[in-house]
Novice: 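Before anything else, here's the structure in question.
No hydrogens, no waters, no symmetry mates; every other heavy atom, side chains included, goes into these values. Keep in mind it's a predicted model, so treat the numbers as computed, not measured. Within every chain, numbering begins at 1; the chains are lettered A, B, ... in the order of the sequence lines, protein sequences first and strands thereafter.
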Amino acid sequence: MKLASYRKKSPWILHYNAGGCNGCDIEILACLSPKYDIERFGMINTGNPKQSDILLVTGPVTKRNRERLVEIYAQMPEPKVVVACGACASTGGVFRGMYNCEGGIDQYIPVDVYVCGCGTRPEQIIDGVVQALAILETKTKELEESVRLNKEAIKENKQLNRRNIADEIKPVYT
Amino acid sequence: MAKQYEIPIGAQHISLLEPLHFKFTTENEKIVATEANVYYVHRGIEQACCSKFKFRQVSFVVGRVCGLCSISHTTAYSQVAEKLLKIEIPLRAKYLRMLVIELDRIHSHLLCLSHVAENSGFEALFMKTMQYREFSMELLEAVCGNRIQYDFSIVGGVARDLKPQVAQSIMERLKKFIPQLDELMDIYKNNWTLSLKNKGAGAITKEDAMRLNVVGPFARAAGLAVDVRNETEDLLPWKEVGFEMVTETTGDVYARNMVRLRELYVSIRIIENIINGLPESALVTETKAFPDGEATVRLEAPRGELFYYAKGNKTQVLERLKIKAPTFSNVAAMTEAFTGNEYGSAPAIIASYDPCLSCTAR
Ligand code: SF4
């Protein structure tokens with residue numbers, strides 16, 4: 001019970017670059033710096049998927065990155081929120097249609113918040129993450145309810161434009 | 001022989017900004033061999049530039065090769081396209097390009113320094129450096145209109161003019177920045193705790209640097225005086241605006257920090273000289289020609305020599321575009337310089353290379 005209230009006050013973020021140009025990544029780094037200071041929301045950048053609540057992804061998914069992305073997403077504990085940072089993470093952006101790109105992370109994992117811009121500004125990223133906090137809270141409530149009433153959690157399919165014939169995901173470690 | 005262990009770092013790791021995979025073979029904490037795997041972010045930009053986009057659009061696409069040195073990429077592409085079109089750009093555009101490249105160098109070097117500090121375990125210094133770095137982002141936003149991805153150079157010139165108020169604010173902010181830079185210099189140079197992590201770590205000798213074809217601050221820290229700004233004069237007049245070569249001798253993480261910090265002083269001087277003597281002229285040379293023939297261009301990006309090759313065939317779409325980024329030259333030396341170091345200092349060493357994999361893999 002306690003954990004849920006802590007989680008709202010101190011969500012930990014995990015950052016993964018799925019093939020973008022670094023532009024949005026350095027803006028995420030700038031969010032950690034004193035001017036924007038994302039830590040006032042209690043957020044810390046962790047490197048460990050098993051401890052994090054919010055996944056920040058940048059970049060269109062390259063073919064080589066997508067297994068790792070799905071693996072990281074699968075390793076995060078529920079409830080979890082995914083924020084797509086930047087135009088190319090949301091839709092593929094300028095890279096859409098290039099031969100080694102998949103065009104947006106929502107082809108592979110469900111995305112809750114889309115942050116636009118190429119590159120995104122730190123203010124936008126903070127705004128997106130704060131929106132993600134609200135989503136995290138509702139997700140937590142749903143999860144708790146399903147545990148209390150001992151029933152299946154509602155699984156909505158929120159993936160808007162998922163490809164029907166996306167390539168098969170292979171496990172990273174065989 | 002002690003037992004050997006294999007330790008991987010990456011593709012996702014707290015100390016890495018980008019997906020990059022190192023596999024270290026260690027023997028009692030000492031790294032004896034390294035394998036690097038850098039092609040996680042290959043997107044196929046070169047191919048798209050030669051098929052999907054027209055040659056005037058390509059300058060915006062190649063900016064997205066790398067967000068840290070996007071101005072170097074756009075400028076290098078614009079220059080190579082101008083060579084194919086056989087046009088000369090206005091003088092003011094040349095100086096404005098140099099101005100933005102140097103501002104970009106300030107932000108990139110400070111980012112790298114802060115990253116080294118963080119990976120050495122000096123969180124406070126990371127915060128301090130990032131705080132001082134914000135001024136350069138604000139100036140870039142004032143000059144170009146965006147914090148990253150400036151799209152400032154276009155084929156034939158530059159996209160925006162420098163307003164007098166902005167020029168004045170640049171001078172004021174730089175004046176404020178110099179004492180801050182002195183303070184950073186003092187910490188990076190004299191802090192004893194930081195020196196334990198940085199001095200002697202990841203060292204490479206001058207001969208090895210020469211043999212492995214190292215470029216950029218990595219090479220200059222080892223004593224090799226390689227800098228494209230020193231070698232080419234035809235496209236951008238670097239010597240005229242007061243460029244000076246900076247070299248160190250030891251080639252370790254500490255020397256790389258010193259090279260970057262001292263280059264910041266050079267960059268500040270260059271920016272001041274450019275603003276004081278900015279010539280008046282048009283911003284863009286208009287032309288209706290199509291690219292024809294072959295051309296190459298070299299440019300000094302924050303990480304070293306950037307090389308562009310392009311081939312046109314009198315149509316809107318280029319026939320071939322080849323990008324060789326600085327980190328690509330450095331990968332061989334990167335794996336070599338780990339040998340003999342403690343595994344614990346590996347993150348700091350990686351950060352001090354300032355690797356840019358989205359450039360390398362394109
Ligand atoms: S949205 Fe733009 S700035 Fe951000 S990672 Fe993608 S290409 Fe780079």
Novice: Chain B heavy atoms under 4.5 Å from A:I28: which part of the residue, side chain, backbone, both or neither?
Specialist: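 A:I28 has no heavy atom closer than 4.5 Å to chain B.
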Novice: Rounded to the nearest 0.5 Å, what separates atom CD in A:E123 from atom CZ in B:R147?
Specialist: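 Going from the CD atom of A:E123 to the CZ atom of B:R147 covers 6.5 Å.
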Novice: Tell me which one of B:R133, B:M130, B:E138 satisfies side chain to side chain contact (heavy atoms under 4.5 Å, CB included) with A:K35.
Specialist: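 One option only clears the test, and that one is B:E138.
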Novice: Under 4.5 Å between any side-chain heavy atoms of B:R64 and A:C88, yes or no?
Specialist: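 When only atoms from C-beta onward are counted, A:C88 and B:R64 do not touch, as no gap falls below 4.5 Å.
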Novice: When rounded to the nearest 0.5 angstrom, what is the spacing between SG in B:C66 and CD1 in A:I26?
Specialist: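 Nearest 0.5 Å value for the SG-CD1 distance: 8.0 Å.
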Novice: Is A:Y73 atom OH crowded by more than 12 heavy atoms from other residues, nucleotides or ligands, each under 6.0 Å away?
Specialist: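 Above 12, so yes.
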Novice: So for B:F60, is it side chain, backbone, both, or neither that comes closer than 4.5 Å to the heavy atoms of chain A?
Specialist: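 For B:F60, neither part sits under 4.5 Å from chain A.
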Novice: Grab the two heavy atoms, one from A:L32 and one from B:M127, that are nearest each other, plus how far apart they are.
Specialist: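 Smallest interatomic distance, heavy atoms only, reads O-CE, 3.4 Å.
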Novice: Indicate the atoms forming the closest heavy-atom contact of A:C118 with B:N146, along with that distance.
Specialist: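 Between these two residues, the closest heavy atoms are O-ND2, 3.5 Å.
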Novice: Please name the pair of heavy atoms, one in B:I148 and one in A:G23, separated by the smallest distance, quoted to 0.1 Å.
Specialist: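 For B:I148 versus A:G23, the nearest heavy atoms are CD1-O, 2.8 Å.
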Novice: Of the backbone (N, CA, C, O) and the side chain (C-beta and beyond), which part of B:E134 lies under 4.5 Å from a heavy atom of chain A, both, or neither?
Specialist: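 When you check distances to chain A, only side chain atoms of B:E134 fall under 4.5 Å.
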